[in-house]
Amino acid sequence: QPLPICATLCRLAVTNLSSPAHKSPRIFMGDCLRQFLLAAALLLAACTTTSQHAAAPHNVIIFVADGLRYGSVNQTDAPALSAARHEGVDFANSHSVYPTLTTVNASAIATGHFPGDTGNFGNYIYAGAEPLAHTRGSVVAPIEDDNVLADLDARFDGNYLHEQTLMSAALAHGYNVVSMGKGGPTGVQLRGVVNGAPIFIDEDLGDAAAGGPQLSPDLAAAFAAARIAPSVPARALPNVTQQDWFARVATQVVLPFLQRSGKPFLMLYWSPDPDNTQHSQHDSPNALTPGINGPTSRAAVANASNNLGLLRTALAANHLAATTDVVMIADHGFSTTSKQSSTSFAAHLSYANVPAGQLPGGFLAIDLSHALGLDLYSAAGVAVDLTTNPVALHGTSGVLGASANAPQVIVAANGGSDLIYLPSDNNAALAQNIVRFLTTQDYTGAIFTADSLGPIPGALPLSAINLNGAAQTPQPAIVISFRTNNTGCAVPEMCGVDIADAGLPQGSGYHGSFGRADTRNFMAAVGPDFRRGFVDPTPVSNADIAPTIAQVLGFDLPAIGHLRGRVIEEALPGDAHPEVAADVLTSEPAANGFRTVLNRQTVGETHYFDSAANVGRAN
């Protein structure tokens, strides 16, 4: 360690200078002493410089490539990401937090807590019987929205996440803070900020009606000086123009601004690609291959990699590379969307723009309405008539009951997983009926139920997957992960297939399930506080990011709940070798033999979830 060595040498130098031998006039006047004094002075200067350098706080950039799979990073499609992974730490046993959805993982990255504590159970959640101000009358709230995030804070004590965010803590400790990129997850990072003024730039920049952020006068001047328009281009396919705009803002405006400030910083850069493009690509209409492995999706991976490369180049140009850690992660993996079911009632009805025999977006709400004999309404209260031809769909989420104002079941559709809420009291029997029905459907992969409902055959409790904690928002009664599979490629998680309750067609991309293709995200880190050329075989997840960065930056991150990630000590300099245990949790069988099987790994008290499904229904 340089500091102890310098201190020891400095003490030796002072001791030698004060020894009786050095009081001799002959030695004092000799060349030897003059050389020694010069060496001592240089040594003292070196010690002082080393001490000052070591004491200076470092910076951290969290680079999130939305929807980037671990296996998508290679030297051809993603050279900058691949190079950084090999240079620093390669988290080879990586995990998205379940449900494998954007804002779920954004909240985990922001706080270091799992959804049972943050209450961010999906991209779409039930926030209470009264619709929020900006949900257009819907009782299901879309969280990827600046206005809705503010509404949630207003309803839940000023911070719906219920935990202090990493960025809020960094501001309180004197760091500059930046959250920029994709709308929704960037805003999640800033919940509960009460001290300081973060730099916030998302897709709604300047749009007051959408609740978008506004530029400070200093930043507005910096935009003008760089000749960058202070409005974000619309998304495209692939998303080159918008991605380039964010990269220009980060490298030509934000990083120079941070460098001039002279303060350490924490910056989050959330790249919309490859997620945006993988969702919307049309490389294989109505077919599962190539799906999200086609040229359009590969171009989207290149977009994200190019952005990282520009960021690292700008760090060097602004003399920040030596003091800045770059943590590269993805919120989740990805799969190709399937719309096939032979058991679903919804698949046998007719809809506009849905091929005959395929599942429509909203199929779970339709199927439950039919199975339970309950009327169906959209989440905004519009009645849905299943006897018309074609059936008119009003979104993918649904309300079931005698009326829209007296719901017995609320389905929040979230792609690869759906959340089922039972707002009425004494609902154990209803939950058992729903689970019993779900076990009969070929699209069901895994089922989890609220601990308060007691054991239900075929399902595991929500506490088994860290969805039962200190959350303020309503907890779902049932969470269903839809069936996952693969198309038979050499690396199954690189050709995963999800049944997805979404409006996108078969052959597009989605995520949210409990298949390994969706839980295996890209994760890596490079910089002065991380090991070099290290492949980490220990399981890690997005919930580990905040506690690790807090330790690197030198402050504690307080907690209310107990569902927390860990500090990734083995990735930091030292000799940590955490012990890893692996096990399988299996539910009691349903009457038809359906069992939910959960595969997990554990480090200390932190659980990592690989996959979950009925036997034979997961890759």
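Positions are given from 1, in the same order as the sequence printed here.
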Determine all donor-acceptor pairs shorter than 3.5 Å in which one atom belongs to a side chain in residues 183-190; sequence neighbours excluded.
from: Thr186; atom 1: OG1; to: Lys182; atom 2: O; distance (Å): 2.7
from: Gln189; atom 1: NE2; to: Ala106; atom 2: O; distance (Å): 3.2
from: Gln189; atom 1: NE2; to: Pro185; atom 2: O; distance (Å): 3.0

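Checking His58 against Asp529 by side-chain atom types alone, a donor-acceptor pair falls below 3.5 Å. Of the N and O atoms on the side chains of Thr538 and Asp536, at least one donor lies less than 3.5 Å from an acceptor on the other residue. Under 3.5 Å, the side chains of Tyr160 and Asn120 contain a donor-acceptor pair of N or O atoms. For the 3.5 Å distance criterion, the side chains of Asp610 and His95 qualify, holding a donor opposite an acceptor. Side-chain N/O atoms of Asn521 and Tyr70 include no donor and acceptor closer than 3.5 Å. Inspection of the Asn59 and Thr324 side chains reveals an N or O donor paired with an N or O acceptor under 3.5 Å. A donor and an acceptor atom, one from each side chain of Asn542 and Asn105, are located under 3.5 Å apart.
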### Query
So Asp501 and Thr396, side-chain hydrogen bond (donor to acceptor under 3.5 Å, both in side chains) or not? Walk me through it.
CA-CA 7 Å; Asp501 194 1; Thr396 55; 5.6 Å; no
### Query
Does the side-chain hydrogen bond (donor to acceptor under 3.5 Å, both in side chains) test come out yes or no for Asp518 and Ser335, once each step is laid out?
CA-CA 7 Å; Asp518 286 1; Ser335 298; 2.7 Å; yes
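For Tyr124, the OH atom sits in a loose shell: 12 or fewer heavy atoms of surrounding residues, nucleotides or ligands are nearer than 6.0 Å.
Residues passing the ring pair (Phe, Tyr, Trp, His ring centres under 6.0 Å) test with Tyr510 are His279, sequence neighbours excluded. Partners of Phe555 by ring pair (Phe, Tyr, Trp, His ring centres under 6.0 Å), not counting sequence neighbours, listed by chain and number: His173.
Atoms CD1 and CG, on Ile434 and Asn427 in that order, are 8.5 Å from each other to the nearest 0.5 Å. Here Gln551 contributes atom CD and Leu572 contributes atom CG; the two are 6.0 Å apart, rounded to the nearest 0.5 Å.
With ring centers used as reference points, Tyr98 lies 6.0 Å or more from Phe609.
Ring-plane geometry between Phe63 and Tyr269 is classed as parallel, the angle between the planes falling under 30 degrees on a 0 to 90 degree scale with a further cut at 60.
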